[in-house]
**Student:** 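The structure that follows is given in the form of structure tokens.
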Amino acid sequence: DIVVLETGLGGRFDATNIINSPLCVVLVSISLDHTKVLGESVSEIAYEKCGIIKDSCSVVTSASQQTQALSVIKETACNKNASLYITDEARMFSVLSADISGSLVEYKGQKIKIPFCGEHQLQNAALAIMASEILSENGFAISIQQIKDGIEKASIAARTEVLSKAPLVLLDGSHNEGSTAALAGVLEKYCKNRRLLAVMGMMADKDCSVALKNLLPFFTKVIAVTPSNPRAMMASDFSALVEQHGVP
């Protein structure tokens, strides 16, 4: 009944842009990434991503979006005569409890377990719920129970994924300014008093300095590795960067 297409890179020139009449466009958090292709600023990247907004469609984004990105989204939606919905998770639902395994929230009288930790995942859940409500208003009957079931059964590999609780082992594939800041938020909230050891490697074309600035304050030691990828930074080079920040 529904096809969910995730844009590969940017939006304006991505292959998914061949769809000329999407029912609902969802723009999640926009931060600096793929700058050689998409642009050097958040505004430029947002412009490329807004290429998926089509005439008179519905657009969903978050109130927590960076100001520069939100400005471009609002302007594009206006130019395309698109209906813009800006979610605010603090108003959509109340958080009943939260730990490293996720958050329990209440939405329209229904308790929903969001199985991912971090405040950024509350924002993502709010976007998913709003998109579901828009689809429901357009002829696809989606109940609150189905929204609850969908969120609680969702899984995202390598996004602050808890592989083990004793000892605590987290797997995370963050690689840009926004995602490493989100991971830092999780470590600050749930791992502040723990001795943390990182096994870490990155691609040479990513902004390693920003990632290290966000994450290294939480690590007592880093084991540098070379990822199995032609774009990988060599472990020796990555290790040197880590030690420049004073972490062994």
**Student:** Check for a donor-acceptor pair, side chain of Ser136 on one end and backbone N or O of Ser132 on the other, with a separation under 3.5 Å.
**Tutor:** no

**Student:** With a cut-off of 6.0 Å (strictly less than), are more than 12 heavy atoms of other residues, nucleotides or ligands near CD1 of Ile18?
**Tutor:** no

**Student:** Are Leu241 and Met200 in one and the same hydrophobic cluster, where Ile, Leu, Val, Met, Phe, Trp and Tyr link if side-chain heavy atoms are under 4.5 Å apart?
**Tutor:** yes

**Student:** Answer whether the closest heavy-atom distance between the side chains of Leu168 and Ile100 falls below 4.5 Å.
**Tutor:** yes

**Student:** Heavy-atom count check: over 12 atoms from other residues, nucleotides or ligands less than 6.0 Å from Lys74 NZ?
**Tutor:** no

**Student:** Write down the atom of Glu152, the atom of Pro115, and the distance for their closest heavy-atom approach.
**Tutor:** O-CG, 4.1 Å

**Student:** Determine yes or no for a side-chain-to-main-chain donor-acceptor pair under 3.5 angstrom, with Thr220 supplying the side chain and Leu196 the backbone.
**Tutor:** yes

**Student:** Mind listing the closest non-hydrogen atom pair of Phe93 and Ala125 along with its distance?
**Tutor:** CZ-CB, 4.5 Å

**Student:** Return the minimal non-hydrogen interatomic distance between Cys117 and Asp99, and the atom names on each side.
**Tutor:** CB-O, 3.6 Å

**Student:** Can you find a heavy atom in the side chain of Glu177 that is under 4.5 Å from one in the side chain of Asp207?
**Tutor:** no

**Student:** Test Phe140 against Leu23 for side-chain contact (heavy atoms from CB on, under 4.5 Å), laying out the working first.
**Tutor:** CA-CA 11 Å; Phe140 296 90; Leu23 291 171; 3.5 Å; yes

**Student:** Answer yes or no: are there more than 12 heavy-atom neighbours, outside Met234 itself, under 6.0 Å from its atom CE?
**Tutor:** no

**Student:** So does Lys111 have more than 12 non-hydrogen atoms from other groups sitting under 6.0 Å from NZ?
**Tutor:** no

**Student:** Is it the case that atom CD in Glu119 sees more than 12 heavy atoms from other parts of the structure closer than 6.0 Å?
**Tutor:** no

**Student:** Can you tell me if NZ on Lys213 sees more than 12 non-hydrogen neighbours from other groups inside 6.0 Å?
**Tutor:** no

**Student:** For Ser143, is there any backbone N or O sitting under 3.5 Å from a side-chain donor or acceptor partner on Gln146?
**Tutor:** yes

**Student:** Nearest heavy-atom pair of Val222 and Phe238: which atoms, and what distance?
**Tutor:** CG1-CE2, 4.5 Å

**Student:** Where do Lys54 and Ala82 come nearest, in terms of heavy atoms and distance?
**Tutor:** O-CB, 4.2 Å

**Student:** So, the side chain of Thr226 versus the backbone of Ala235: is there a donor-acceptor pair under 3.5 Å, distance only?
**Tutor:** yes

**Student:** What closest approach, in Å, do Ile30 and Gln66 show between heavy atoms, and which atom pair accounts for it?
**Tutor:** O-NE2, 3.3 Å

**Student:** May I ask you to test the Pro22-Ile52 pair for a side-chain heavy-atom distance under 4.5 Å?
**Tutor:** no

**Student:** Ignoring hydrogens and angles, tell me if any N or O in the side chain of Asp14 forms a donor-acceptor pair with the backbone of Leu9 under 3.5 Å.
**Tutor:** yes

